[in-house]
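Data block below; observations after.
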Amino acid sequence: MRYFKAVIAFILIFALSAETVCAAGKYINMTLEYNGTAHNYNAEEVSLVVDGKTLTDLPMPPIIFDDYTLVPAREVFEALGAEVDWISDLYQVYVKYEDDVVMLQIDSTKAYVNGEAMEMSIAPKIINDKTMIPLRFASESIGMEVGWDSKTRVASVSKPVVTTTTTTTTTTTTTTTEATTETTTKAVEIVKSGTSANMSAYMSGEYGTVTVNSLTKASDSDSMFLVGADGEISSVTVTKLAGGSVAVDINNATNGLASSLYKVSDGKVDSIEVSGTAGTTRLLFNMKTEGNFRLYMSSNRKTLGISVGTNSITSITMEKMVGGDKLTITGTSTPSIRTTTSVTGDLLTVDVTDAVLDIENGSFDEGRIINGGTYHQFNANTVRISIDLKEEAGFISETKGNSISLTIAKGIQTVEPVSGSSELSYDSEKGLILPGAAGMIDVNSIIHSDNYNYLNYVLTLKGDYSSLFESKTLTVNDGNINTIEVTVASNQAVVKFNENRIMAMNVSVSGSDILIKPVLPKEKYSKIIVLDAGHGGTDVGTTYGNLYEKDITLAILNKTKALFDASDIKCYATRTTDVYPSFDDRTNLANEGDAFVSIHINSAGTNTTASGTETYSLYPNNLGNGLTSYILAEKVLNNLLTNLGTVNRKVKSSDFKVLRDSDVPATLAEIGFITNAGDRAIISSEDGQNKAARAIYDAVVELFNQYKPVR
């Protein structure tokens, strides 16, 4: 009996002990192989819930690595409906969900979210032959919600669901005495700007935990909210959520605000919901309309400025008119302005409200009514235009698309077109109307000159058409076309479209009239390639004796372009002569196409043995047809290797600006080494350049046939 009781006691003790172990959670003992060595891993199990479903039978379980949760990329994010691409040659993983793409590089804390460089706290790793990436960073970068329960050790990730709070709190924006010392936005500086779509602003991570203690609206701005903290704010993340709401997460911060719901009375924000979890204070902006978000930080880092719906001003121009001058302001949306005239009548001030300059500060030259003027960022949300007047004058304003124009004239008189017959006219739907020209002009005989690098398009009509129309300049200013100059001579008529952006022309016959309609390139052309010849002008690139990279790249480009010009593929080139386009010029043109190839020549300095061909890609930039930058880079490389017989240096990745700022599939090709005798003989010869041109041309033709551009 004593023996039996002892056995029962032992069983009870074992059962209690087993229950205690279960309550504490299951431990995982395994070997992790990474960085070429084996490491023992002994930690409490982490469960992973994706969209409400616990993932089991994963080839590699979630692990806690340096205090961060790493998860297998493909299994987790494909379960969320995202696309996962692994580029083995580059050791890069891409996670794409809807319009958002995050690129992570193995063993690097530098990532790219929608093309923007971000710094992570931990690098992705290859562990036990699986790509393991940080759950929170990757998930939030594509707009997902992430949760962590430290008691149950459950990590969760799900598509965002925006809920409306049922609280009856209608407290207006809270103010505190601490925040009153920093309620002005004039003293803050821009640290981050961009659209609200998954823009992350990791400003620093070196500061301690703070308490968010105030939320106020700036006194000198309709769209600036100020968040006050009792210490230095470390980092902020802005994420666009489903339904149009935008989450502003102040990281490493506890919520000390008095209310969980703030009602806002303006045309952009309906309310702000406040919550705090896991060391993050979230401000959820329930938006009435979608718009840009911009972040500002005070110099002492205790005040965060959140600008909502800010208009980005992309162009401010002044042009002479008959009897006056015309000021045109263009933004990402129609600008709102306030105007004041000095008591003496010699200064007109135009304030563009809730706006930020996306161009450098600038000035105007003397006009007919103005002596000159300047424009600059007056404060965080106001662009100020100051105009010196020669004499007292009034103005007439006109809104068209995303532009507002002020015609400044003495006596507020209406300004007519510069000269010419009233028969010529421009219609926003039809384009330029050449009245009665259909019976005299064969539209197929019109000579087209697309001077896209200089933003003009010229059509030449051979013959005498002075009986139909006279010389005339029409002002359009619709955001695409600035003016149209028609010059009529005895032997020809020339129509010149002065563009604000690259346009194409559709010419058609309507009754007795000929219509010349400006359209965007992708509205006219079914396939567009953009070529770039590296360097140019005073930037000669790499050299060897009297050989300059800029000359070799230009020769290859012009040979390649000639092949495209004889095909059905429209080809734009960043340069066709010895000039130097800026990086912005190159990438702005690249984004007009369906793919972009930048041509370069390599150098190894004093090392004469290095040789071969390599190409580069950075972001997938899939426009919806399946073609990615990597596919383009790989195809161009393989064709070059076949045609030139050079050494295969493979597809690589580098943060080149022409790749970083391109929105279309893009590659940079290093054709060969100018410092290697064998490569040099190829790239400097007519035959070698023709072979390189043919390789690029064939690659693009094959890819455009396989991945038809989306229109």
Side-chain angles (χ1 to χ4, degrees), residues 32-37 39 60 62-63 65-78 80 82-97 99-144 146 157 194 198-205 235 237 587 598 614-622 628-634 637 649-663 665-670:
L32 304 181
E33 294 186 1
Y34 57 89
N35 296 343
T37 58
H39 308 262
M60 176 71 188
I63 61 172
F65 194 96
D66 290 343
D67 296 326
Y68 291 90
T69 304
L70 298 186
V71 297
R74 187 173 300 280
E75 288 75 11
V76 172
F77 287 94
E78 286 185 348
L80 285 162
E83 297 178 29
V84 180
D85 289 324
W86 167 248
I87 310 300
S88 58
D89 288 347
L90 305 181
Y91 277 78
Q92 293 174 347
V93 60
Y94 293 83
V95 180
K96 179 179 180 181
Y97 182 75
D99 295 329
D100 300 315
V101 179
V102 57
M103 187 278 280
L104 303 102
Q105 180 83 43
I106 297 301
D107 292 328
S108 173
T109 57
K110 189 175 185 180
Y112 290 89
V113 179
N114 296 325
E116 187 171 354
M118 300 292 172
E119 191 68 25
M120 298 183 292
S121 299
I122 187 171
K125 303 194 80 65
I126 301 293
I127 301 178
N128 293 359
D129 294 326
K130 285 299 298 180
T131 305
M132 302 292 287
I133 64 177
L135 176 66
R136 182 173 294 277
F137 181 88
S139 300
E140 292 182 345
S141 294
I142 58 171
M144 300 296 175
V146 180
V157 58
N198 290 307
M199 179 193 72
S200 297
Y202 285 92
M203 292 175 284
S204 178
S235 64
T237 307
T587 55
S598 183
E614 62 195 25
T615 58
Y616 288 83
S617 77
L618 190 56
Y619 311 125
N621 291 354
N622 185 348
T628 66
S629 295
Y630 184 83
I631 293 173
L632 174 65
E634 187 177 46
L637 174 66
R649 294 176 62 88
K650 299 187 177 181
V651 177
K652 299 180 180 180
S653 182
S654 187
D655 192 26
F656 295 127
K657 184 172 175 59
V658 292
L659 301 183
R660 183 173 69 243
D661 291 348
S662 294
D663 297 329
T667 185
L668 185 148
E670 296 278 7

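One is the number of the first residue; the rest follow in order along the sequence.
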When rounded to the nearest 0.5 angstrom, what is the spacing between CD in E634 and NZ in K650? 11.0 Å
Ring geometry between H39 and Y34 (parallel below 30°, tilted from 30 to 60°, perpendicular above 60°): parallel
How long is the span from the CE atom in M103 to the CG atom in L618, to the nearest 0.5 Å? 5.0 Å
Side chains of Y630 and P665 in contact at under 4.5 Å (non-hydrogen atoms): no
Can you name the side-chain hydrogen bond (donor to acceptor under 3.5 Å, both in side chains) partners of E670, sequence neighbours left out? none
Rounded to the nearest 0.5 Å, what separation is found between the CZ atom of R660 and the CG atom of D655? 4.5 Å
A73 and V93 have their tightest heavy-atom pair at CB-CG2, 4.2 Å
Measuring from K110:NZ to M120:CE, what's the distance to the nearest 0.5 Å? 11.5 Å
What heavy-atom pair brings S654 and L659 nearest, and what distance separates the two atoms? O-CD1, 4.0 Å
Distance-only donor-acceptor hits, side chain of residues 130-137, under 3.5 Å, sequence neighbours excluded:
residue	atom	partner	partner atom	Å
K130	NZ	E75	OE1	3.3
K130	NZ	E75	OE2	3.0
R136	NH1	E140	OE2	3.0

Could you report the tightest heavy-atom contact between I142 and A82, atom names first, then the distance? CD1-CB, 4.3 Å
Apply side-chain contact (heavy atoms from CB on, under 4.5 Å) to the pair K652 and L668, showing each step before the final yes or no. CA-CA 10 Å; K652 299 180 180 180; L668 185 148; over 6 Å; no
Taking the side chain as every heavy atom from C-beta outward, state whether N35 and D107 have any pair of such atoms under 4.5 Å apart. yes
Flag, side chain of S629 to backbone of A666, donor-acceptor distance under 3.5 Å: yes
Using atom types as modelled and distance alone, determine if a side-chain donor or acceptor of T109 lies under 3.5 Å from a backbone N or O of I122. no
Closest non-hydrogen contact found for V71 with T69 is CG1-CG2, 4.0 Å
With a 3.5 Å distance limit and no angle check, can you tell me whether T615 reaches the backbone of A633 through a side-chain donor-acceptor pair? yes
Show the nearest heavy-atom pair for residues V157 and S139, with the distance to one decimal. CG2-OG, 3.4 Å
Looking at Y616 and T667, what are the two nearest heavy atoms and their distance? O-OG1, 2.8 Å
Listed partners of D85 passing side chain to side chain contact (heavy atoms under 4.5 Å, CB included), at least two apart: Y94
For a 4.5 angstrom cut-off between non-hydrogen side-chain atoms, does S653 reach Q92? yes
From I63 atom CD1 to L32 atom CG, the distance as rounded to the nearest 0.5 Å: 5.0 Å
Could you tell me whether the side chain of N128 and the main chain of E33 form a donor-acceptor pair under 3.5 Å? yes
